[in-house]
Amino acid sequence: MADTGKLKRENTALLRQAMQNGSAGKNDFARLTHLSFPTVSRIVDEMVECGEAQEIVLAGRAVLH
C-alpha cells in the first residue's frame with residue numbers, strides 16, 4: 001500500500017514547482033503537473049489557507065499566485 005503522506009508531499013512539491021513559473025488557474029496546474037483536478041484543488045486550498053498561495057480573480061477567473 002502506498003504511503004499517502006509521502007505521496008501528498010511529492011504532489012505538493014510538484015505543484016509548488018509549477019507555481020514558481022507563474023500564476024495560473026487550478027485547471028492549468030492540473031494539466032501542467034498531470035495531477036487530477038481534485039488533488040490540485042485540495043493542495044491549493046491548503047496552501048491558500050496557510051498563506052503560502054493567494055487565489056485572486058482576474059477577468060472573472062480564479063488565478064493562483
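Only heavy atoms go into these numbers, but all of them, side chains included; no hydrogens, no water, no symmetry mates.
- Between the CG atom of L15 and the CD atom of E10 there is a distance of 13.5 Å, given to the nearest 0.5 Å.
- Under the salt bridge (charged side-chain N to carboxylate O under 4.0 Å, His left out) criterion, R16 pairs with E52, sequence neighbours left out.
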In residues 34-44, what donor-acceptor pairs under 3.5 Å come from side-chain atoms, sequence neighbours left out?
| residue | atom | partner | partner atom | Å |
| --- | --- | --- | --- | --- |
| S36 | OG | T39 | N | 3.2 |
| S36 | OG | T39 | OG1 | 2.9 |
| S41 | OG | K26 | NZ | 3.2 |

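- Qualifying side chain to side chain donor-acceptor pair (under 3.5 Å) partners for Q17, counting only residues two or more places apart in sequence or in other chains: none.
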* To do: List the steps and the verdict of side-chain contact (heavy atoms from CB on, under 4.5 Å) for T12 and R9.
  => CA-CA 5 Å; T12 301; R9 287 189 300 275; 5.7 Å; no

